[in-house]
Amino acid sequence: MKHSVNRPPTPDKDDAAEGFEKDEVTLREIINVKLVESGEKENLMELVRDRLVECGWKDEMRIACREHVKKKGRKDVTVDELIRVITPKGRASVPDSVKAELLNRIQNFIVSAALCV
Amino acid sequence: MSGPDGNKSSHTELSSQVFFDLVDSVIADVASECHRVARLGLDRDLEVVEEELRFSVEARAKVADPSNNLETNTKFVVDIFGQTHPPVASEVFNCMNCGRQIVAGRFAPHLEKCMGKGRKARAKATRSTTAAAQNRNSRRSPNPRYSAYPNSVSENQLASGSPGVACEDCTVRENVKGG
């Protein structure tokens, strides 16, 4: 008998809870793939960038980075460190209008994507 | 199928996740850009930038001054290796014609005089060498300028002992012809 016949059973059927979580992750992945394929992700990225620059959010983030660089010294800073430092602040300081606009657009996309599926 | 509310909540959560993914991408861009600026020293403290500006201005002034002096005084520029531009040929050697010591940069004009190629050189030659051939050459040449003094001398020699009025007439005629 060939070894390929004796492969272990696929683990998907084992735990229901794991399966549920996996469904969520899979759903997110599906939406992501649809976003990329349709080009909507590019549009959203551009929209987000424009809005965040307009409202001065990007400048605030850059100032925060410079502060951190001044503290730590120019040569010791890494990209990961900077990301780690400004992510919580960045996520919290997105203006509500920008967030609302983007969420609206994403939801519309998801609905239309769900309809197509 | 779940009701519209259920859909909405999961949609909301999903869209939030998507939204924050986008924001994270932008954050990563900003962080990367700031990191690059920081490491390359492009956009530093205001004070530091001003200080560096001052230093660079001073350095430029220092570099500019000596070269300006050189240019106005000596007509050439000295580069960082000490070489002059344009290069000056300063080697001294012996002329193979007259045997004198000549600076290489002045060799060509010296040769002109030395070998009789220039007009002034030729004038000297008519005086020192046999008069006849040289005189004929100089008279036939189209250049009117050296007809005055040297020709009067040569006319004297040709006539061989009939100086004075006749010669002057000749020279006048020469001048007219040449003119």
Side-chain angles (χ1 to χ4, degrees), chain A residues 24 27-28 30-32 35 40-41 44-49 51-53 57-70 72-94 98-111 114, chain B residues 1-67 79-81:
Chain A
E24 257 194 41
L27 184 60
R28 194 172 158 189
I30 292 176
I31 294 294
N32 235 346
L35 276 173
E40 181 66 6
K41 185 151 193 208
L44 290 174
M45 279 295 303
E46 204 174 321
L47 185 62
V48 165
R49 282 205 184 102
R51 292 284 180 266
L52 290 178
V53 166
W57 176 93
K58 191 171 179 186
D59 295 325
E60 288 171 14
M61 290 300 110
R62 281 209 279 174
I63 291 173
C65 285
R66 275 218 302 228
E67 295 297 323
H68 184 77
V69 166
K70 259 194 263 185
K72 270 307 199 75
R74 202 162 57 89
K75 307 273 186 188
D76 297 331
V77 174
T78 64
V79 182
D80 291 331
E81 198 178 318
L82 281 175
I83 294 179
R84 194 169 39 84
V85 165
I86 61 173
T87 295
K89 187 173 174 188
R91 280 193 176 198
S93 63
V94 176
V98 175
K99 191 169 177 180
E101 185 185 352
L102 264 298
L103 284 177
N104 207 9
R105 225 171 124 155
I106 296 171
Q107 275 178 5
N108 289 343
F109 179 82
I110 293 176
V111 167
Chain B
M1 311 274 175
S2 48
D5 287 344
N7 269 345
K8 248 191 193 167
S9 62
S10 61
H11 284 176
T12 316
E13 199 176 315
L14 199 51
S15 33
S16 283
Q17 286 171 353
V18 172
F19 172 68
F20 280 123
D21 276 347
L22 294 172
V23 172
D24 282 344
S25 297
V26 183
I27 289 176
D29 283 347
V30 173
S32 162
E33 193 184 320
C34 288
H35 173 263
R36 174 181 170 268
V37 164
R39 288 301 287 262
L40 294 180
L42 295 178
D43 172 34
R44 316 239 325 260
D45 262 349
L46 271 182
E47 307 151 7
V48 179
V49 167
E50 280 178 16
E51 202 180 330
E52 282 188 5
L53 266 179
R54 251 191 308 122
F55 283 152
S56 64
V57 165
E58 282 177 13
R60 263 184 218 276
K62 268 191 235 167
V63 169
D65 277 333
S67 66
D79 70 6
I80 60 174
F81 298 117

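A, B, ... follow the sequence lines: proteins, then strands. Residue 1 opens every chain.
The two residues B:Arg39 and A:Val77 come nearest to each other via the heavy atoms NH1-O, 3.5 Å. In plain terms, the two heavy atoms of B:Leu22 and A:Met45 that are nearest each other are CD2-SD, 3.2 Å. Of all the heavy atoms in B:Asp29 and A:Arg49, the pair that sits closest is OD2-NH2, 2.7 Å.
Environment of CZ in B:Arg36: sparse, with no more than 12 heavy atoms of neighbouring residues, nucleotides or ligands closer than 6.0 Å.
Using a 4.5 Å cut-off between heavy atoms, A:Ile83 touches chain B through backbone and side chain atoms alike. In this structure, chain B has a heavy atom under 4.5 Å from the side chain of A:Val94, while its backbone stays farther away. Only the side chain of A:Ile110 has a heavy atom closer than 4.5 Å to any heavy atom of chain B.
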Next item on the list: Begin with the C-alpha distance, continue with both residues' side-chain angles, and end with the deciding distance and a verdict on side chain to side chain contact (heavy atoms under 4.5 Å, CB included) for A:Leu103 and B:Thr12.
Entry: CA-CA 8 Å; A:Leu103 284 177; B:Thr12 316; 5.7 Å; no

Next item on the list: Could you please spell out the steps behind the side chain to side chain contact (heavy atoms under 4.5 Å, CB included) verdict for B:Val26 and A:Trp57?
Entry: CA-CA 11 Å; B:Val26 183; A:Trp57 176 93; 3.8 Å; yes

Note to self: Apply side chain to side chain contact (heavy atoms under 4.5 Å, CB included) to residues B:Glu33 and A:Arg62 and explain how you reach the verdict.
What the structure shows: CA-CA 9 Å; B:Glu33 193 184 320; A:Arg62 281 209 279 174; 3.6 Å; yes

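Note that the CZ atom of B:Phe19 and the CD atom of A:Gln107 stand 12.0 Å from one another [nearest 0.5 Å]. Of the inter-residue distances, the one linking B:Leu40 atom CG with A:Arg74 atom CZ reads 8.5 Å to the nearest 0.5 angstrom. We find the CG-CG distance between B:Asp21 and A:Leu44 to be 11.5 Å, quoted to the nearest 0.5 Å. The line from OG1 of A:Thr87 to CZ of B:Phe20 is 11.5 Å long, rounded to the nearest 0.5 Å.
Annotation: maximal heavy-atom pairing with chain B below 4.5 Å, among A:Met61, A:Lys99, A:Glu81, occurs at A:Lys99. Interface summary for chain B: among A:Ile106, A:Ile31, A:Val111, the most heavy-atom pairs under 4.5 angstrom belong to A:Ile106. The greatest number of non-hydrogen atom pairs below 4.5 Å with chain B, out of A:Asn32, A:Val98, A:Thr78, is found for A:Thr78.
Using a 4.5 Å heavy-atom cutoff, the side chains of A:Lys41 and B:Val18 are not in contact.
Partners of A:Val53 under the side chain to side chain contact (heavy atoms under 4.5 Å, CB included) rule, at least two apart in sequence or in another chain, are A:Lys58.
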